[in-house]
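Before any comments, here is the structure.
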Amino acid sequence: MSSSTACRPATIAVLGMPNTGKSTLFNKLTGSHAHIGNWPGLTVDLMQASLELAGRSAQLIDLPGIYDLRGHSDDEAVVRRFLAATAIDLVVVILNASQLDRQLRLALQVQELGLPTVVLLNMADEAKRFGVTIDLPALSEQLGLPVLLVSAKYGRGLGEARQAIRKALDPGPLQPEGGGAQASLAATQAPGPVASGAPSSTDAAQSLEQRLALVDGDLPQRMAAILAATVQLPPQWRDRLTRRLDRVLLHPVLGLPLFFATMLLMFQGIYAIGVPLQGLLSSWLSQFGQGVLAPLLAGWGLPAFVQGFLMEGLYQGIGTVSAFLPVIFLFFLAMGVVEDSGYLSRAAYLMDALMERLGLDGRSFVLCLMGFGCNVPAILGTRVMRSTGLRLLTMLVIPFSLCSARLNVFLFMAAAFFSPSQGALVIFALYLMSFAAAIFTALLFQGRFAAQEALVLELPPYRLPTPTQILTRAWAEVRHFWFWARRFIIIGVVAVWLLNNLPLGVPPASAQTLSGQLGHLLHPLLAPTGIDPTLTVALVFGFIAKEIVLGGLAVIYGQADTSLLGQAMAAQVSWPQAVSFMLFTLLYVPCLSTVAVIRSESKRLDFTLFTIGWSLVLAWTVSTVFFQFSRLVGWH
Amino acid sequence: MATPTAPSRQARTLGQSQPPAPGGPDQTPDILLSELAAGQSATICSLAVEPGLRHRLQALGLHRGQRVQLLRRGWWAGPLHLRVGMTELMLRRVDAARVGIDNVMVTA
């Protein structure tokens, strides 16, 4: 009995405001082997990771960044519910040391919870640079909590932080054995047992709120008194770099053109480096398949059908998609720099005036930009919005963001049907189309999702992200993309191959195969768009995920090497057909994951169906208009 | 200097010095934050906003008695770029029109 507390891993909640480097610190403390944890009563995924602390193991849970324990946003409610329903051994509060003048508030609120707490003041480097001096021992004494300065970015103070956490978990030998160290709000507030499920957790969350409301009145005075005694702010603002950069980057006239020029340059850079890499990898994979794998399989004497399935189905499909991973890595690398440098928040400032007139706000624009990587996290990001109308309208618009999965398809097709310089223009035009579709949709539907929400956003100082920080992040994103996508890709390419080769005995990919029949069945519907039966099958699978489209095409045309695949396609498809196909691919439902996340975030089936329907209508209309126009002009 | 000097008990903020009606300018002698020019600074004296926004503004450092500085105003009637203590933030003009200020000064 006495050893049960020592064996059970401690539960540590990590709490902090947005823009405090909380996730970086979380990763540095735990070694970034985080996984998604499942918590009762929460609909949100929380990252969690284990940490070994001198003989005591602990689970660290990364709670969403919040401004206020009493705040009204979804994230803030999630944190309250978590704190109320979970038996927590320790709370680690992470504050931005340079902004302690306002962030101390959160520490004071957490203090009211009465849980064992350690306060980590992150970004110590910035506080020093900006001339903020903190009397740590005095602050620690005033709060009655251990307070430590750390810099997650430069890895400073982490060892001490671990020690402090370890110490706070085990206050000393006087601690009675048998669960005394464990405190739970649920246990102190509600009479029932801790893990009694959702209903009591809402009760506990309410009583937690009441308790916080009680002390809230005295909070400003207490905070002012503590700050006056322990923190010294610089008499003058010292961040000259931010001031100078903002003078140019937030310029009323130059600001926006500069931002779009930066974006254009960034995308140009990604293609200039990424596309040759992709070509190299693709031909290498193809040679490996032809030269090594195919003879090996033939040597084993497998039946032709199985050989074809393994080589032309699995290997070619997966190989074609993996060749694009370098491009995706570069994309996330560049996006990471833009975001961590603080420029992305400036984009919200610059675009807000336009977005306001579309019924959206600066955050919607930033989320759409994130959507260029992947739509799913962008839709999850709408949680920061409180107004339902604004949230739904943003969710309606995000799927038009040309995500990296669609980019794979477009890069390949642009190379197959156009010269390099024309191809770059086609890709650029597709990005413009992506913006145009979003703006048009917002304009058309803003009346239906009327929203009035105040917008206050922090503009953090400009920061130079460290190479490790950016590389780690891009690597994590690519890994996540690959793990997320691979089962779809594998199932997808296998299904495409089977449809193309069944029933047994008919010529592969002919009209008699299952896919040929499916294509012909749907053909009347898509005939005005110029998309032929073969491409129709690719579109059907693209509904599941766009990663499958390219793998599917590789399987349909029996070529893994993208340049050979391009030649095979160009022999059967005219360029206006190809463009029409790209337009359709850009605008219709991005993938099942996006649909699923829209459903779970909006909690409305009718809205989810509406987003699907609208995107299909828009895709069909734009493709048809383009294709019929091209016929009229005689481009065929 | 940056520490709040005025009593800023929020329970009293609304009732005492500022009627909750958003049509502030007629009834109060306050100048509004939305009227501040770039390069000027002022002290916040009233916040006529709903509780949700009040919490967010307080968490970002905007409370009664706090000095704020206007760095720039966005194009096309866009948001205001403010500096509050050690934090910079953007606030829409509509929302800034609910914040009363006094002690306006020109800062370098």
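Residue numbers start from 1 in every chain, and the chains themselves are labelled A, B, ... in the order their sequence lines are given, proteins ahead of strands.
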Given a strict heavy-atom distance threshold of 4.5 Å, which part of [X] is in contact with chain B: side chain, backbone, both, or neither?
| X | result |
| --- | --- |
| A/Asn96 | neither |
| A/Met17 | side chain |
| A/Asp352 | both |
| A/Pro234 | side chain |
| A/Leu256 | side chain |
| A/Leu106 | neither |

Can you find a pair of side-chain heavy atoms, one from A/Arg243 and one from B/Glu88, that are under 4.5 Å apart?
yes
Within the 4.5 Å heavy-atom criterion, are A/Asp68 and B/Arg56 side-chain neighbours or not?
no
Give the member of [options] that has the highest number of heavy-atom pairs under 4.5 Å with chain B.
| options | result |
| --- | --- |
| A/Tyr67, A/Phe130, A/Tyr349 | A/Tyr349 |
| A/Asp246, A/Val132, A/Thr242 | A/Asp246 |
| A/Gln103, A/Met355, A/Arg357 | A/Arg357 |

Could you report the tightest heavy-atom contact between [X] and [Y], atom names first, then the distance?
| X | Y | answer |
| --- | --- | --- |
| B/Leu57 | A/Val456 | CD2-CG1, 3.7 Å |
| A/Ala353 | B/Pro79 | N-CD, 4.4 Å |
| A/Asp101 | B/Gly85 | OD2-CA, 3.4 Å |

To the nearest 0.5 angstrom, please state how far the [atom1] atom of [X] sits from the [atom2] atom of [Y].
| X | Y | atom1 | atom2 | result |
| --- | --- | --- | --- | --- |
| B/Arg72 | A/His251 | CZ | NE2 | 9.5 Å |
| A/Leu354 | B/Trp75 | CG | CH2 | 5.5 Å |
| A/Leu233 | B/Met86 | CG | CE | 6.5 Å |

When [options] are compared by non-hydrogen pairs under 4.5 Å with chain A, the top option:
| options | result |
| --- | --- |
| B/Ala77, B/Ala96, B/Gly61, B/Gly52 | B/Gly52 |
| B/Leu91, B/Asp95, B/Val94, B/Val84 | B/Asp95 |
| B/Glu50, B/His81, B/Arg93, B/Arg73 | B/His81 |

Would A/Leu219 and B/Gln58 count as a side chain to side chain contact (heavy atoms under 4.5 Å, CB included) if you check the C-alpha gap in whole Å, the side-chain angles of each, and the deciding distance to 0.1 Å?
CA-CA 11 Å; A/Leu219 212 118; B/Gln58 271 168 352; over 6 Å; no
With only heavy atoms counted, which part of B/Leu71 is less than 4.5 Å from chain A, the side chain, the backbone, both or neither?
side chain
With side chain to side chain contact (heavy atoms under 4.5 Å, CB included) as the criterion, how do B/Leu60 and A/Arg102 come out once you've worked through the C-alpha distance, each side chain's angles and the decisive distance to 0.1 Å?
CA-CA 6 Å; B/Leu60 284 165; A/Arg102 68 173 171 87; 3.9 Å; yes
